**Q** 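Submitted below is the structure of interest, expressed as structure tokens.
If you're wondering where the values come from, they're calculated on a predicted model, not measured in any experiment.
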Amino acid sequence: MRHLLQMSFLFFVCLAGEGLAKLLPFAFPGSIMSMFLLLLLLLSKIVKEHQIQDICDFLLHHMAFFFLPAGIGIMEKYQLLQGRIIPFLLICLVTTVLTFFYYFVIYEAHLRPAKERK
């Protein structure tokens with residue numbers, strides 16, 4: 001039951017983010033607005049981390065499942081990639097390395113010192 005309530009809360013935040021994004025006079029992704037909204041709720045302590053921890057752990061544990069639609073979409077549009085597969089794979093590789101590097105820098109600068117203080 002706890003998972004259902006936490007998931008309902010996350011869906012509500014997503015719906016609110018989509019609604020706020022539609023109200024803006026310029027195009028802005030609703031999913032990004034939802035993440036900002038959730039961040040604000042967490043930073044303001046309106047929502048405590050432990051209140052959504054279970055569903056977040058569940059979603060992170062099953063994250064690979066959420067990449068299936070993107071992978072299937074790439075396979076369906078393979079004709080568009082023919083002749084461009086090398087640049088596509090190179091972009092995937094470079095962005096993956098940049099993501100790992102970015103996480104490493106953030107971890108070294110912020111997360112490791114916080115763990116060492118405890």
Side-chain angles (χ1 to χ4, degrees):
M1 188 66 169
R2 187 171 59 228
H3 282 93
L4 183 61
L5 288 173
Q6 292 177 10
M7 183 63 92
S8 298
F9 172 75
L10 288 181
F11 280 144
F12 174 75
V13 170
C14 288
L15 184 64
E18 291 287 337
L20 287 173
K22 295 261 190 261
L23 294 176
L24 294 175
F26 51 88
F28 195 82
S31 57
I32 303 298
M33 183 65 77
S34 300
M35 286 190 282
F36 282 138
L37 186 58
L38 183 59
L39 178 65
L40 287 173
L41 290 171
L42 288 167
L43 289 176
S44 65
K45 307 277 190 210
I46 293 171
V47 175
K48 310 278 190 295
E49 184 181 338
H50 69 88
Q51 293 174 310
I52 57 172
Q53 185 70 44
D54 293 336
I55 197 63
C56 291
D57 288 342
F58 175 81
L59 292 172
L60 284 173
H61 183 72
H62 295 91
M63 187 181 289
F65 175 75
F66 297 107
F67 286 96
L68 284 174
I72 291 170
I74 289 171
M75 288 189 291
E76 285 180 346
K77 301 297 182 185
Y78 179 73
Q79 303 86 356
L80 297 174
L81 288 175
Q82 284 180 330
R84 298 182 191 116
I85 194 73
I86 299 299
F88 176 75
L89 291 176
L90 186 63
I91 289 170
C92 289
L93 179 69
V94 168
T95 55
T96 300
V97 169
L98 287 174
T99 301
F100 284 142
F101 178 73
Y102 176 75
Y103 180 77
F104 172 76
V105 169
I106 295 298
Y107 178 79
E108 287 295 318
H110 298 287
L111 300 177
R112 182 180 281 182
K115 280 186 173 182
E116 290 173 355
R117 280 182 283 206
K118 286 184 180 182

**Q** Taking all heavy atoms of I55 and all of M7, pick out the closest pair and write down the distance.
**A** CD1-CE, 3.8 Å
**Q** Holding to ring-ring contact (aromatic ring centres under 6.0 Å, His included), I want the full list of residues that pass it with H61, two or more places apart in sequence or in another chain.
**A**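 Here no residue qualifies.
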**Q** How many angstroms lie between CD1 in I85 and CG in L89, if you round to the nearest 0.5 Å?
**A** 4.5 Å
**Q** Which value, rounded to the nearest 0.5 Å, describes the distance between Y103 atom OH and E108 atom CD?
**A**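 Output value for this atom pair is 10.5 Å.
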**Q** Are L43 and M35 linked, directly or through intermediate hydrophobic residues, by side-chain heavy-atom contacts shorter than 4.5 Å (ILVMFWY only)?
**A** no
**Q** Rounded to the nearest 0.5 Å, how far does CD of Q6 lie from CD of Q53?
**A**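 Going from CD on Q53 over to CD on Q6, the span is 8.5 Å.
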**Q** For residues F26 and I32: do they belong to one hydrophobic cluster (side chain heavy atoms under 4.5 Å, members Ile, Leu, Val, Met, Phe, Trp, Tyr)?
**A** yes
**Q** In the structure I gave you, are the side-chain heavy atoms of F28 and L20 within less than 4.5 Å of one another anywhere?
**A** no
**Q** Quick check: closest heavy atoms across G17 and S34, and the distance to 0.1 Å?
**A** CA-OG, 3.4 Å
**Q** Does any N or O in the side chain of K48 come within less than 3.5 Å of the main-chain N or O of K45, such that one atom is a donor and the other an acceptor?
**A**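 Answer holds: yes.
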**Q** If you compare all heavy atoms of G30 against all heavy atoms of A21, which two are closest, and at what distance to 0.1 Å?
**A** CA-CB, 3.7 Å
**Q** Test of understanding: clusters of I, L, V, M, F, W, Y form through side-chain heavy atoms closer than 4.5 Å, transitively. Do L80 and M75 belong to the same one?
**A** no
**Q** To the nearest 0.5 Å, what is the distance between CD on Q51 and CG on L5?
**A**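 Q51 CD to L5 CG: 11.5 Å, rounded to 0.5 Å.
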**Q** Measuring from F66:CZ to L60:CG, what's the distance to the nearest 0.5 Å?
**A** 9.5 Å
**Q** Are F12 and L37 close enough that some pair of their side-chain heavy atoms sits under 4.5 Å apart?
**A** no
**Q** Are F11 and L4 co-members of a hydrophobic cluster defined by side-chain heavy atoms under 4.5 Å apart?
**A** no
**Q** Counting only heavy atoms not in Q82, do more than 12 sit closer than 6.0 Å to its CD atom?
**A** yes
**Q** Atom CE of M33 and atom CG of L38: how far apart are they, to the nearest 0.5 Å?
**A** 13.5 Å
**Q** If two hydrophobic side chains count as joined below 4.5 Å and joins carry through other members, does V47 share a cluster with F58?
**A** yes
